[in-house]
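Data first, discussion second: the structure below is written as structure tokens.
For the numbers below, each heavy atom of this structure counts, side chains included, while hydrogens, waters and symmetry mates do not. Small disclaimer: the values here were computed from a predicted structure and weren't measured.
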Amino acid sequence: MTFSIEELRTGVKGEVIAPGDDGYDESRATYYGVDRRPAAVVRPADSADVSVVVTMARETGTELGVRGGGHSLAGLGVSEGGVNLDLSSLVGLDIDVDDRSAWAGAGLTAAEYTTRVGAHGLATGFGDAGTVGLGGITLGGGVGFLSRKHGLTIDSLLAAEMVTADGEILEVHPTSHPDLFWAIRGGGGNFGVATRFKLRLHDVSEVFGGMLILPGTPDVINGFVQAAEAAPEELSTIANVMPAPPMPFLPEDQHGQIVVFAILVHAGDSASGERAVAPFRGLATPLADMVGPMEYPSIYQMMGEEEGPEEVQFAVRSLYSDSFDETAAKSIVSQLEISDAMMAVTQIRVLGGAIARIPDDATAYAHRQRRIMLNVACMYQDPAEAPSRQAWTDDLAAALGGGDEAYVNFLGDEGPDRVRAAYPGATWDRLREIKRRYDPTNLFRLNQNIPPAG
């Protein structure tokens with residue numbers, strides 16, 4: 001059997017797009033500008049369409065890509081010359097307000113979902129990017145603005161509809177294919193195509209949050225981390241230490257200076273939120289303070305409609321740390337000061353709270369007890385600069401005490417050893433065995449790949 005676009009068009013209800021067709025470039029685009037050209041892109045109408053494509057790819061030996069929001073740093077999920085599933089067409093959303101749950105299509109973005117459930121004063125926690133697709137953020141773990149209060153995205157995952165490598169459509173939950181349910185909570189897209197998610201909804205009718213920008217001195221950076229660790233669990237923070245971009249609300253003399261560009265979200269009443277944020281405001285006179293009572297969906301609106309950077313390269317390093325002090329803060333500042341990259345940043349996410357109350361072996365995300373997640377990155381244009389840019393990134397990560405462990409959703413194209421680092425201890429062996437049972441030929445390999453055991 002050979003791969004046939006005509007058979008695809010006959011076999012599916014959704015749209016089949018070939019090179020030269022309208023919408024082709026949009027359907028294969030990635031947020032970070034990775035340029036791959038599949039022989040065909042299918043925008044499925046439903047899980048049955050996905051099953052047809054998966055079956056055809058398996059039977060013909062055609063490489064299969066699965067693209068959601070396209071936020072993979074390495075452009076994973078888009079095939080060069082194969083067939084691609086563009087899940088952006090799967091945007092159904094059924095909200096059960098009484099049950100506090102929702103069935104959501106995998107092609108919805110975080111902002112789309114959050115806005116629609118937010119009309120009921122409810123939310124599920126995702127990450128910090130509104131344009132990310134639900135599929136990628138959920139399957140990898142999901143660390144964001146509600147994590148310390150309500151856990152990772154996977155901790156609100158009640159069930160999923162999956163199309164496995166044999167084309168079977170399964171509903172996966174704690175009592176139906178529990179091994180697969182364990183694996184997809186952190187194991188990424190290795191085990192099938194997730195077409196829908198049943199997600200727990202939390203009451204976030206009142207939050208206190210927004211953007212706080214502080215001078216990026218070592219004492220302020222260190223103080224920010226210490227305050228975030230001491231904060232009540234209702235408060236989650238994401239701090240980007242970086243040269244200040246030329247934002248209109250920042251004083252001009254601060255453009256290019258090192259700042260702490262932070263987003264804070266307190267999932268509770270305003271009075272408690274004011275008290276929780278006060279230690280951060282007290283670290284230094286804020287350069288910008290947009291923190292206050294807000295509706296939760298506004299957090300993505302505040303950050304603007306994100307457009308992916310064009311024709312740029314990234315050097316990244318994801319790591320965890322269990323300590324942070326002024327020496328670490330000084331290392332960040334000194335490395336940022338010597339960088340001449342288009343953009344350089346160290347992102348700091350203090351963990352704990354609800355994340356840490358779940359055992360490491362309860363899901364495939366096995367970093368529950370780690371205190372801090374960091375992501376070091378720089379952006380540049382000339383591919384010839386890759387070695388020096390990666391060296392800068394690795395040097396800073398090493399100075400911050402970065403070990404081997406990594407968060408899979410923040411990995412770039414870093415090779416199999418780094419994928420292995422995302423799954424410590426017995427987690428890796430268990431994932432490989434589940435992979436062997438559900439995808440023995442590694443059909444789903446255009447991802448941060450976990451090879452089948454054997």
Side-chain angles (χ1 to χ4, degrees), residues 13-15 23 26-31 41-50 65-72 77-78 84-97 99-147 150 152-163 169 171-172 184-185 188-189 192-202 204 295-301 303-308 409 447:
K13 300 181 290 294
E15 186 179 11
E26 178 188 358
S27 70
R28 68 184 182 88
T30 69
Y31 184 81
V41 176
V42 180
R43 287 179 172 155
D46 52 25
S47 57
D49 275 1
V50 172
V66 183
R67 173 191 175 276
H71 271 250
S72 166
V78 180
N84 236 72
L85 280 163
D86 174 12
L87 301 184
S88 65
S89 55
L90 300 180
V91 293
L93 181 61
D94 297 319
I95 303 168
D96 188 331
V97 175
D99 187 52
R100 295 290 177 89
S101 66
W103 273 104
L108 285 165
T109 68
E112 290 168 344
Y113 173 97
T114 300
T115 298
R116 291 169 66 179
V117 302
H120 304 280
L122 302 171
T124 304
F126 298 109
D128 60 336
T131 55
V132 73
L134 257 60
I137 185 74
T138 300
L139 296 174
V143 183
F145 298 126
L146 299 176
S147 292
H150 295 301
L152 306 174
T153 305
I154 55 172
D155 300 330
S156 294
L157 181 62
L158 303 174
E161 182 180 79
M162 301 283 299
V163 179
I169 302 170
E171 187 171 315
V172 180
I184 64 171
R185 287 177 291 161
V193 183
T195 53
R196 294 198 305 155
F197 299 101
K198 186 179 184 182
L199 295 161
R200 173 67 63 204
L201 292 168
H202 304 280
V204 289
E295 295 181 348
Y296 181 68
S298 300
I299 200 70
Y300 291 128
Q301 298 166 15
M303 299 177 72
E305 289 295 324
E306 310 139 65
E307 293 185 3
N409 277 353
N447 45 42

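- Residues meeting the side chain to side chain contact (heavy atoms under 4.5 Å, CB included) test with Glu171, sequence neighbours left out: Trp103, His173.
- Taking the side chain to side chain contact (heavy atoms under 4.5 Å, CB included) definition, one finds that Asp49 meets it with Val12, Lys13, Pro44, Ala45, Asp46, sequence neighbours left out.
- Considering all non-hydrogen atoms of both residues, Ser47 and Ile169 come closest at OG-CD1, 3.7 Å.
- Side-chain contact check for Ile95 versus Leu201: some heavy-atom pair is nearer than 4.5 Å.
- Here the CZ-CG distance, from Arg200 to Leu122, works out to 11.0 Å after rounding to the nearest 0.5 Å.
- Counting non-hydrogen atoms of neighbouring residues, nucleotides and ligands closer than 6.0 angstrom, the CD atom of Glu295 reaches no more than 12 such neighbours.
- Smallest separation of non-hydrogen atoms from Ala129 and Ala110: O-CB, 3.7 Å.
- Summarising the geometry, atom CG belonging to Leu139 is positioned 10.0 Å from atom CG belonging to Asn447; distances are rounded to the nearest 0.5 Å.
- Closest non-hydrogen pair, Ser156 versus Thr124, comes out as CB-CG2, 3.9 Å.
- In this view, Arg116 and Leu93, Leu108 satisfy the side chain to side chain contact (heavy atoms under 4.5 Å, CB included) rule, not counting sequence neighbours.
- Residues Val117 and Leu199 fail the side-chain proximity criterion, which asks for heavy atoms closer than 4.5 Å.
- Annotation: side chain of Tyr296 is in contact with side chain of Leu146 (closest heavy-atom distance under 4.5 Å).
- The shortest side-chain heavy-atom distance between Arg43 and Ser27 falls under the 4.5 Å cut-off.
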Exercise for the section: Give the C-alpha distance, both sets of side-chain angles, the deciding distance and a yes or no for side-chain contact (heavy atoms from CB on, under 4.5 Å) between Phe126 and Thr138. Expected result: CA-CA 7 Å; Phe126 298 109; Thr138 300; 4.0 Å; yes
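- Using a 4.5 Å cut-off on side-chain heavy atoms (C-beta onward), Lys198 and Asp99 make contact.
- The main-chain N or O of Thr109 is found under 3.5 Å from a side-chain atom of Glu112 such that the two form a donor-acceptor pair.
- Taking the six-membered ring where tryptophan is involved, the planes of His150 and His202 are essentially parallel, since the angle between them stays under 30° and well short of 60°.
- When all heavy atoms of Ala194 and Ala106 are compared, the closest pair comes out as O-CB, 3.2 Å.
- In this structure, CG in Leu134 is found 7.0 Å from OH in Tyr113, a value given to the nearest 0.5 Å.
- To the nearest 0.5 Å, the span separating CG on Asp86 from CG on Leu90 amounts to 9.0 Å.
- Ser147 approaches Gly144 most closely through the heavy-atom pair OG-N, 2.8 Å.
- Distance check, rounded to the nearest 0.5 Å: CG of Leu87 to CZ of Arg67 gives 9.0 Å.
- Separation of atoms CD (Gln301) and OG1 (Thr115) is listed at 5.5 Å; rounding is to 0.5 Å.
- Looking at every heavy atom in both residues, Met162 comes nearest to Ile184 through CE-CG2, 3.9 Å.
- A donor-acceptor pair shorter than 3.5 Å cannot be found between the side chains of Thr114 and Tyr300.
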